[in-house]
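These notes are about the structure you will find just below.
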Amino acid sequence: MEKIRTLRGFRDIFGEELDKFRRIESVFRKYSGLLGFREIELPVLEKTELFVRSIGDTTDIVEKEMFTFTDVGGDSLTMRPEATAGMVRSYLQEGLYATERMTKVSSIGPMFRHERPQKGRYREFHQIDVEVFGVKEALVDAELIFMIRMILDELGVGRYRIEVNSVGCKTCRESFRRVLIDYFETRKDQLCEDCLRRLERNPLRIFDCKNEQCIDVTGDSPLLFDSLCGECRDHFRLFEGYLSDFGIGVEINKRLVRGLDYYTKTVFEVTSEDLGAQKAFIAGGRYDNLVEEMGGPATAGIGFAIGVERLAMLVPVSAEKGDRRCFFACVGDRARAHLVSFLKACVSAGITLKHAYDAKSLKAQMRYADNLKCDFVLILGDDEIDRGIITLRNMADKSQRELPLDPKKVAQELVVVA
RNA sequence: GUGGGUGUAGCUCAACGGUUAGAGCAUCAGGCUGUGGUCCUGGGGGUUGAGGGUUCGAGACCCUUCACCCACCCCA
């Protein structure tokens, strides 16, 4: 029989990695709470149309990377490939635009993209997502960067870069698009195949190419950043000003572009060289038209997503030692009969009491206790029972002492020493 | 979807085309009746990813296929 294993790109997450996930989540919740975000859980499955409309039907995500299938009722459904679409849907569906002047929400959960897996990229991956609706002021842009910095610092992430840029609004982007196309049209012969495709579909993306020739060509091409409209330029200047008020240094990368269609003005990316080729582990930006495009009132929006798997690769293993453990070793059936009462007493007292389920020699139980890194072992055999006591061994210094054979009193004692 | 790399014990890896495929770690059991880590002895555990081919003989060579890893496209 062939062993059943996980689907390609899907994984079991456990042990050290899961510990890091939990730590990341808890540090995130600390700062998102301090900055006034509330958490929300959204469905993993949504109508396909939601993603097509929000992400853009010519993006790679929508064109070839979604887990999409047809429901028995005939609806086309999709496992969410990113969080913002669902966040916007929820914001509109729950009518939050009418009940609060602005909304700060966050969410944590799995996302799905049907891509070829590689380092730091899986078909099921996890994102921490943050969105702010209804604030057009650049202060919030800087506040999000501040939040990211606080989280990364507390997690002990060492080397990372925060890059920011502005991709402008509809008007400055439209006019620039023509300028860019004109520029590249005359240099078509120097572009790689992929970039020729990009030129047709989304010329801005040529800036993302890793091909050396293409990088050369973009080297002296006009930049969107330099032809922003007055409003977008002002917004970016204010953003920079607030960042310096927060005391955060960032790099302005005028070539930074985003893969999703809905971004406007501020975009940013946090990268690390310790990640392999997929070096961005946090990315986000402003999307001032998205809510309206999704059928809501004109509402500014901005958000970012943290790739949890990628961030976990950068988080140092926490040195904090788990709680001290105790083991119950018994010799013979008479002693074994006491196990349950000790278990009950210890759990009630908040103590972890490990034990072997099958009857083994004392030696084997000691080995097992050692293996489990237990700090204390309770030893109970005929000797102890006859004398009305139980032996408590300290595994570290091998000292032993006797306690009365009374589960509650022993549990109390363990609370003190363990 | 494309390119490259790798598939041998639970894990990390050996084995020039030539006996019965090994080692370390892990696991289990012993080393005078009830005491762990180090040490000694032993046990269990494999269709060498799968299928075909070449050969007197294949873990190794060839073909096919599958899986994983890395990279491209793209993205967190």
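For the numbers below, each heavy atom of this structure counts, side chains included, while hydrogens, waters and symmetry mates do not. Below, chains carry the letters A, B, ... as their sequence lines are ordered, and counting in each starts from 1.
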Sort me out a list of protein N/O and nucleotides 69-72 of chain B N/O pairs below 3.5 Å, or just none if empty.
unit_1 : atom_1 : unit_2   : atom_2 : d
B/C70  : OP2    : A/Lys119 : N      : 3.0
B/A71  : OP1    : A/Ala277 : N      : 2.9
B/A71  : OP2    : A/Gln118 : NE2    : 3.4
B/A71  : OP2    : A/Lys119 : N      : 3.2
B/C72  : OP1    : A/Lys210 : NZ     : 2.9
B/C72  : OP2    : A/Gln118 : NE2    : 3.3

**Study point:** Separation of B/C11 C1' from A/Phe14 CZ (nearest whole Å)
**Key:** 12 Å

Close N/O contacts between protein and nucleotides 34-42 of chain B (under 3.5 Å):
unit_1 : atom_1 : unit_2   : atom_2 : d
B/G34  : O6     : A/Asp382 : N      : 3.3
B/G34  : O6     : A/Asp383 : N      : 2.6
B/G34  : O6     : A/Asp383 : OD1    : 3.4
B/G34  : O6     : A/Glu384 : OE1    : 3.2
B/G34  : N1     : A/Glu384 : OE1    : 2.6
B/G34  : N1     : A/Glu384 : OE2    : 3.2
B/G34  : N2     : A/Glu384 : OE2    : 2.7
B/U35  : O2     : A/Arg393 : NH1    : 3.3
B/U35  : O2     : A/Gln400 : OE1    : 3.1
B/U35  : N3     : A/Gln400 : OE1    : 2.9
B/G36  : O2'    : A/Asp370 : OD2    : 3.2
B/G36  : N7     : A/Arg393 : NH2    : 2.8
B/G36  : O6     : A/Arg393 : NH2    : 2.7
B/G36  : O6     : A/Met395 : O      : 3.2
B/G36  : N1     : A/Met395 : O      : 2.3
B/G36  : N2     : A/Asp370 : OD1    : 3.1
B/G36  : N2     : A/Met395 : O      : 3.2
B/G36  : N3     : A/Asp370 : OD1    : 3.2
B/G37  : O4'    : A/Asp370 : OD2    : 2.8
B/G37  : O6     : A/Lys398 : NZ     : 3.4

Review point. Between the main-chain N or O of A/Ile151 and the side-chain N or O of A/Glu154, is there a donor-acceptor pair closer than 3.5 Å?
Key: no

Practice item. Round to a whole Å and report the spacing from NE2 of A/His114 to P of B/U2. Key: 13 Å

Check your understanding: Is a donor on one side and an acceptor on the other found under 3.5 Å between the side chain of A/Ser90 and the backbone of A/Gly86?
Key -> no

Exercise for review: Using whole Å, report how far CZ of A/Phe112 lies from P of B/A76.
Suggested key: 16 Å

Practice item. Measure up the A/Phe246 and A/Phe146 rings against each other and bin them: parallel (under 30°), tilted (30 to 60°), perpendicular (over 60°). Key: parallel

Review point. Should A/Asp382 and A/Glu384 count as side-chain neighbours, where that means a heavy-atom distance under 4.5 Å?
Key: no

Exercise for review: Please identify each residue that fulfils salt bridge (charged side-chain N to carboxylate O under 4.0 Å, His left out) with A/Lys170, with sequence neighbours left out.
Suggested key: A/Glu293

Check your understanding: Think A/Arg258 has a side-chain N or O under 4.0 angstrom from the OP1 or OP2 of B/A76?
Key -> yes

Exercise for review: Describe, in one word, how the ring planes of A/His338 and A/Phe342 are oriented to each other, choosing from parallel (under 30°), tilted (30 to 60°) and perpendicular (over 60°).
Suggested key: tilted

Practice item. Can you tell me the pairing partner of B/G7 across any strand shown, Watson-Crick or G-U wobble, with both distances under 3.5 angstrom? Key: B/C66

Review point. Which class fits the ring pair A/Tyr287 and A/Tyr263: parallel under 30°, tilted 30 to 60°, perpendicular over 60°?
Key: perpendicular

